[in-house]
There are 2 protein chains.
Amino acid sequence: MIDNKVSQETSQPIAYNPHVSIDCVVFGFDGEKLKILLIERTIREGDGNYSDKKLPGSIIYQDEDLDTAATRVLNELTGLKNIFLHQFHSFGDPKRTSNPRDKNWLEKTTNTKIGRIVTVGYLALIKISRKIIFESENTTARWYDVKSLSNMKLAFDHNQIAEEALKHIRHQVMLQPYMLFELLPRKFTMTQLRNLYDLILETKSDVRNFQKKMLQIDGLEQLDEVQKNVPYRAPRLYRFNKRKAKISKLKPGF
Amino acid sequence: MIDNKVSQETSQPIAYNPHVSIDCVVFGFDGEKLKILLIERTIREGDGNYSDKKLPGSIIYQDEDLDTAATRVLNELTGLKNIFLHQFHSFGDPKRTSNPRDKNWLEKTTNTKIGRIVTVGYLALIKISRKIIFESENTTARWYDVKSLSNMKLAFDHNQIAEEALKHIRHQVMLQPYMLFELLPRKFTMTQLRNLYDLILETKSDVRNFQKKMLQIDGLEQLDEVQKNVPYRAPRLYRFNKRKAKISKLKPGF
DNA sequence: CCAAAAGTGTTATCGATACACCCATGT
DNA sequence: ACATGGGTGTATCGATAACACTTTTGG
């Protein structure tokens with residue numbers, strides 16, 4: 001971990017000690033759009049208030065693992081347990097917390113002088129149907145359309161983190177579709193599945209070919225049930241049974 | 001320097017402040033085996049010395065990005081610049097530095113009281129042919145057969161980190177072969193390429209099919225040159241031309 | 001009966017796999 | 001001449017991609 005020579009540096013850089021946080025990029029799917037969960041942040045500034053958005057996250061606690069910290073943050077925010085979580089990248093640019101607004105906000109909310117924060121990015125997926133506490137203590141969280149991200153200036157480097165998370169989920173879904181089932185309700189139609197797939201990958205799949213491919217997946221079960229209250233022919237429902245799922249091998253290819 | 005002795009006794013967990021390091025899993029290929037670069041670590045213990053191995057790594061310096069830290073560590077160790085580097089995972093189990101031997105060693109080498117370290121894992125690939133300074137100041141590094149890893153007890157959680165790096169490179173090579181070219185000499189034979197591929201993926205590729213697939217890769221150029229001093233028909237040499245390489249799209253599939 | 005979306009099969013093309021013999025070189 | 005590994009092509013199989021009409025339901 002540490003080379004001997006490090007300690008011999010005259011400037012003793014080793015004593016410098018950044019904080020470590022986790023940030024969660026939480027995606028949801030409302031049947032139409034891909035959504036991201038953001039927290040309202042208000043900063044008192046001279047005469048007025050400045051308000052913007054940030055990713056849910058937290059400094060890690062003592063004796064807390066990274067995964068545990070991410071789980072805690074999501075649980076505090078949503079009340080849910082068993083959220084799909086996946087570490088995807090860490091961000092450590094020394095300038096990522098150097099915006100005065102961000103520095104200011106950090107010191108006020110943590111009561112600590114904070115020099116630098118290295119953050120570990122997590123991707124989280126939520127079934128948007130699950131009813132969620134979004135007013136935990138004094139934070140307000142809301143779903144935003146992922147497409148509107150590019151017009152928002154998020155706190156810190158959170159735009160970049162969200163962008164990386166998007167790349168990550170696209171990559172994963174391209175290779176294996178399992179993440180999709182974390183975003184859909186427990187019972188879903190093939191059209192919902194296809195729409196979500198195409199939304200994430202920005203593709204237009206052929207209805208028949210898509211169905212054929214999906215039905216090869218172990219664990220994807222067709223139910224004897226149809227969607228109700230639709231003003232047209234009721235579509236069949238499907239369910240993804242994790243227990244019966246065997247993770248398929250990736251195909252080599254360049 | 002930042003004063004971070006804010007209090008580890010208070011109940012405010014946020015004041016707790018781990019160190020952040022990077023660790024590099026450096027792979028090389030000697031034509032036969034996949035190798036990993038490890039550093040000798042010696043710990044004075046009562047009457048004798050205890051010696052084991054660790055990954056190259058370092059606490060990150062003030063104002064240093066994560067990638068920069070990894071580049072620095074590798075440059076200090078090998079004298080090389082432009083090493084292929086890829087962040088793959090971060091490790092933050094609070095117990096990862098709790099072995100008394102590791103704690104002891106950390107405090108001696110850093111002259112700092114270190115409670116906890118979160119480390120960011122990097123995968124690095126080196127052309128083993130490049131002549132390398134392996135005796136930088138007072139560290140000794142050597143190549144070890146990756147297969148012997150399971151019989152070694154590395155420092156900290158470095159066995160786990162190396163294992164994850166292996167998974168990562170397998171995954172990457174399966175999807176796209178570009179990492180292989182970082183491990184081979186600038187000019188290489190198709191057999192070397194195939195052996196390396198099969199070594200990493202634990203497969204046995206068909207000679208003809210493998211060649212066909214590889215020759216589709218943009219940037220892989222056949223040279224008008226053959227390997228010399230071989231006691232049999234001299235094999236043709238190839239080169240991977242990064243400039244002409246277009247990163248191919250991944251194929252969807254489950 | 002009209003609108004809206006669901007459901008369903010076949011063909012063509014492409015890529016992946018399996019497989020065996022002759023060639024060039026050094027000793 | 002022989003031993004060693006290098007170099008090469010074809011046929012089969014399976015996967016992917018393209019493509020259009022009929023069915024169900026609610027209003």
Side-chain angles (χ1 to χ4, degrees), chain A residues 30-32 173-177 184-185 187-199 201-218 220-239 246 248-254, chain B residues 29-32 173-177 184-185 187-199 201-218 220-239 246-254:
Chain A
D30 67 357
E32 291 269 313
V173 168
M174 162 101 53
L175 298 175
Q176 293 180 324
L184 290 166
K187 297 175 181 182
F188 51 86
T189 69
M190 193 54 77
T191 303
Q192 286 172 327
L193 180 58
R194 181 166 41 78
N195 285 344
L196 178 56
Y197 180 93
D198 285 340
L199 183 64
L201 296 187
E202 296 174 314
T203 52
K204 285 180 196 165
S205 301
D206 177 85
V207 183
R208 284 174 282 189
N209 294 335
F210 184 82
Q211 180 143 169
K212 252 180 283 174
K213 243 174 38 178
M214 287 297 153
L215 291 178
Q216 291 168 14
I217 296 172
D218 284 311
L220 185 55
E221 299 171 344
Q222 201 173 73
L223 302 176
D224 287 331
E225 215 176 322
V226 293
Q227 203 172 47
K228 305 222 160 147
N229 302 321
V230 283
Y232 46 79
R233 177 172 178 178
R236 213 174 275 153
L237 290 171
Y238 296 81
R239 177 176 63 178
K246 297 174 195 169
S248 62
K249 283 183 191 159
L250 292 172
K251 288 174 195 160
F254 326 129
Chain B
F29 177 57
D30 67 358
E32 292 268 313
V173 167
M174 163 102 52
L175 298 174
Q176 293 179 324
L184 290 166
K187 298 174 180 181
F188 51 86
T189 68
M190 193 54 77
T191 303
Q192 286 172 327
L193 180 57
R194 182 166 39 78
N195 285 343
L196 177 57
Y197 180 93
D198 284 341
L199 184 62
L201 296 186
E202 298 174 314
T203 50
K204 284 180 196 166
S205 301
D206 177 84
V207 184
R208 285 173 283 190
N209 294 335
F210 184 82
Q211 181 142 169
K212 252 181 284 173
K213 241 171 45 176
M214 287 297 151
L215 291 178
Q216 292 169 13
I217 296 172
D218 284 311
L220 184 55
E221 300 171 343
Q222 201 173 73
L223 302 176
D224 288 330
E225 215 177 321
V226 293
Q227 202 172 48
K228 305 220 159 146
N229 301 321
V230 283
Y232 46 78
R233 177 173 179 178
R236 212 175 274 154
L237 290 172
Y238 295 81
R239 178 177 59 181
K246 298 174 196 167
I247 290 169
S248 60
K249 282 182 193 160
L250 291 174
K251 288 175 196 158
F254 327 129

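Just so we're on the same page: letters track the sequence lines, and every chain starts at 1.
- Between atom NZ of residue A/K213 and atom CG of residue A/L220 there is a gap of 14.0 Å, rounded to the nearest 0.5 Å.
- Rounded to the nearest 0.5 Å, atoms NZ (A/K246) and NZ (A/K249) are 11.5 Å apart.
- Rounded to whole Å, the distance from CD on B/Q211 to C1' on D/dG5 is 14 Å.
- With values rounded to the nearest 0.5 angstrom, A/L201 atom CG is found 9.0 Å from A/L196 atom CG.
- The interatomic distance linking B/F210 (CZ) with D/dG9 (P) rounds to 19 Å, in whole Å.
- Rounded to a whole Å, the NZ atom of A/K213 is 10 Å from the C1' atom of D/dA17.
- Residue-to-nucleotide proximity on DNA chain C shows that, of A/K212 and A/R233, the 5′-proximal contact is made by A/R233.
- Where A/Q216 and A/V230 meet DNA chain D, the nucleotide closest to each residue was compared, and A/Q216 sits on the side nearer the 5' end.
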Could you go through B/T189 and B/L237, starting from their C-alpha distance and side-chain angles, then the distance that decides it, and tell me whether this counts as side chain to side chain contact (heavy atoms under 4.5 Å, CB included)? CA-CA 5 Å; B/T189 68; B/L237 290 172; 3.8 Å; yes
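- Remark: P of D/dT8 and CZ of B/R236 are 5 Å apart, rounded to the nearest angstrom.
- Here the range on DNA chain C touched by chain A, meaning any atom under 4.0 Å from one of its heavy atoms, is C/dA4 to C/dT10.
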Decide yes or no on side chain to side chain contact (heavy atoms under 4.5 Å, CB included) for A/D198 and A/F210, but give the supporting numbers first. CA-CA 10 Å; A/D198 285 340; A/F210 184 82; 5.6 Å; no
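- Atom-to-atom distance recorded for A/Q211:CD and A/Q222:CD is 7.0 Å, nearest 0.5 angstrom.
- In this structure, CE in A/M214 is found 7.5 Å from CE in A/M190, a value given to the nearest 0.5 Å.
- When every heavy atom of A/S248 is checked against every heavy atom of A/Q176, the shortest pair comes out as O-NE2, 2.7 Å.
- Residues of residues 221-229 of chain B having a heavy atom closer than 4.0 Å to DNA chain D: none are found.
- Distance, A/K204 NZ to D/dA18 P: 13 Å, rounded to whole Å.
- Of all nucleotides listed (D/dT8, D/dT25, D/dA17), D/dA17 comes nearest to the side chain of A/N209.
- Between A/A234 and A/R208, the residue whose closest nucleotide on DNA chain D is further toward the 5' end is A/R208.
- The residue A/T191 sits close only to the backbone: its heavy atoms come under 4.0 Å of sugar-phosphate atoms, none of a base.
- Expressed to the nearest 0.5 Å, how far CD of B/Q192 lies from CD of B/E32 amounts to 10.5 Å.
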